[in-house]
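Ligands are counted one by one from 1 in listed order, and the atoms in each one are counted from 1 as well.
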Amino acid sequence: MTAIAVFVGSIRKQSINQRLARAVEALAGKRFEFSYVDIGGLPHYNEDLWSDPPESVQTLKRTIEASDGVLFVTPEYNRSIPGILKNAIDWGSRPTGKSSWIGKPSAIMGASPGAVGTAVAQSHLRNTLLVLDVVLMGQPEAYLQLKPDAIADDLTIADDHLRILLERQLDAFEAWIGRVRRWHG
Ligand code: FNR
């Protein structure tokens, strides 16, 4: 099974992005095994902590490094990504020379109740991931305008268009991971 490290940029209980990630996991079935990274448990980035790295940081790095691919599911905060997600990405990028991100096949999706559908946040995220040598899937993009009830409590998706879009995203990501593997031998 393909191991996916999942970063969700919202830690609130009723998060539509948390729900979206769980729905995508359910759609993926046995193809992918999702490991959710606890970004809320990380300290604020502080170079001093590398002398005795917190367990949460070690777990984050281990989860990225053990994964076949990384999926980001993020809201947009003030036309960028939430600080809590940036903090997690920064932890994964250090210590110098020991970034966990290099060469990782990755994909982004994000949901907002607003019409922008996280497009600006995703654009910022792409910039950051590019610098880290993450191997980011360019297409298809997933800018989702979701009302809170778009995904039911049992994770069923009533809207056929949304379900088909997410299935295509999963198919493309699986193919992307395979392609990156072949490139890197
Ligand atoms: C928002 N929201 C928001 N939405 C958007 O489309 N573009 C934006 O720039 C912002 N900015 C923003 C800033 C802050 C601080 C908050 C708390 C919210 C609204 C946001 O999309 C909405 O609250 C989502 O429901 C947040 O995602 P989760 O927590 O439901 O996953």
Side-chain angles (χ1 to χ4, degrees), residues 4-29 32-46 56-57 59-60 63-64 67 69-93 101 104 106-132 134 136-170 172-173:
I4 305 294
V6 184
F7 287 74
V8 181
S10 171
I11 57 171
R12 72 187 187 98
K13 284 197 186 73
Q14 296 302 319
S15 160
I16 52 175
N17 285 279
Q18 288 279 353
R19 194 172 277 216
L20 173 62
R22 300 281 173 189
V24 167
E25 179 182 12
L27 276 181
F32 288 153
E33 187 177 14
F34 278 22
S35 296
Y36 291 85
V37 178
D38 176 19
I39 64 172
L42 293 165
H44 290 152
Y45 187 84
N46 180 347
S56 56
V57 171
T59 302
L60 164 102
T63 307
I64 300 169
S67 73
V70 181
L71 177 64
F72 296 91
V73 185
T74 187
E76 180 171 295
Y77 279 4
N78 298 315
R79 299 288 179 262
S80 189
I81 59 171
I84 196 169
L85 177 58
K86 180 62 164 53
N87 184 54
I89 293 169
D90 293 341
W91 274 117
S93 73
W101 294 112
K104 280 289 158 192
S106 300
I108 305 175
M109 55 180 72
S112 158
V116 175
T118 74
V120 185
Q122 291 193 38
S123 172
H124 282 198
L125 181 54
R126 282 173 193 274
N127 275 343
T128 296
L129 297 179
L130 186 65
V131 169
L132 298 175
V134 166
L136 190 58
M137 184 173 81
Q139 295 290 336
E141 296 163 293
Y143 306 126
L144 306 172
Q145 181 180 17
L146 292 190
K147 299 298 171 211
D149 60 355
I151 300 169
D153 289 346
D154 66 0
L155 302 179
T156 54
I157 300 170
D159 180 346
D160 287 343
H161 293 293
L162 174 60
R163 200 178 52 255
I164 290 165
L165 185 151
L166 295 177
E167 277 166 353
R168 284 197 186 133
Q169 196 79 15
L170 279 167
F173 190 32

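- The P75 neighbourhood of ligand 1 comprises atoms 26 (C), 27 (O), with distances under 4.0 Å to a heavy atom of that residue.
- Nearest protein heavy-atom neighbour of atom 19 (C) of ligand 1: E76 O, 4.5 Å.
- Close N/O approach between G114 and ligand 1 is not found [any backbone or side-chain N/O within under 3.5 Å].
- Taking only nitrogen or oxygen atoms, main chain and side chain alike, Q18 does not reach within less than 3.5 Å of ligand 1.
- Proximity to N17 (heavy-atom distance under 4.0 Å) selects the following atoms of ligand 1: 27 (O), 28 (P), 31 (O).
- Pairing each heavy atom of P82 with each of T74, the nearest pair is CD-OG1, 3.3 Å.
- The single protein non-hydrogen atom nearest to atom 5 (C) of ligand 1 is S112 OG, 3.6 Å, given as residue, atom name and distance.
- Near N78, with a cut-off below 4.0 Å to any heavy atom, the atoms of ligand 1 are 8 (C), 9 (O), 10 (C), 11 (N), 12 (C), 13 (C), 15 (C).
- Inside a 4.0 Å radius of atom 23 (O) of ligand 1 there is not any protein heavy atom.
- Although no hydrogens or angles enter the test, the distance criterion places a donor-acceptor pair under 3.5 Å between the side chain of R163 and the main chain of I157.
- Residue, atom and distance of the protein heavy atom nearest to atom 14 (C) of ligand 1 are Y77 CD1, 3.7 Å.
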Exercise. Test ring-ring contact (aromatic ring centres under 6.0 Å, His included) on W91 and F7 and set out the steps.
Key: CA-CA 13 Å; W91 274 117; F7 287 74; over 10 Å; no
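- If you check the side chains of Y36 and E25, you find a donor sitting under 3.5 Å from an acceptor.
- Here the closest non-hydrogen pair linking L146 and A111 is CD1-CB, 3.7 Å.
- The protein non-hydrogen atom at the shortest distance from atom 8 (C) of ligand 1 is R79 NH1, 3.3 Å.
- In this structure, the side chains of L165 and L144 come closer than 4.5 Å at one or more pairs of heavy atoms.
- The contact set between ligand 1 and R12, taken as ligand atoms under 4.0 Å from a residue heavy atom, comprises 25 (O), 28 (P), 29 (O), 30 (O).
- Taking 4.0 Å as the cut-off between side-chain N and carboxylate O, K86 and D90 count as a salt-bridged pair.
- For atom 31 (O) of ligand 1, the closest non-hydrogen atom of the protein is S15 OG, 2.6 Å.
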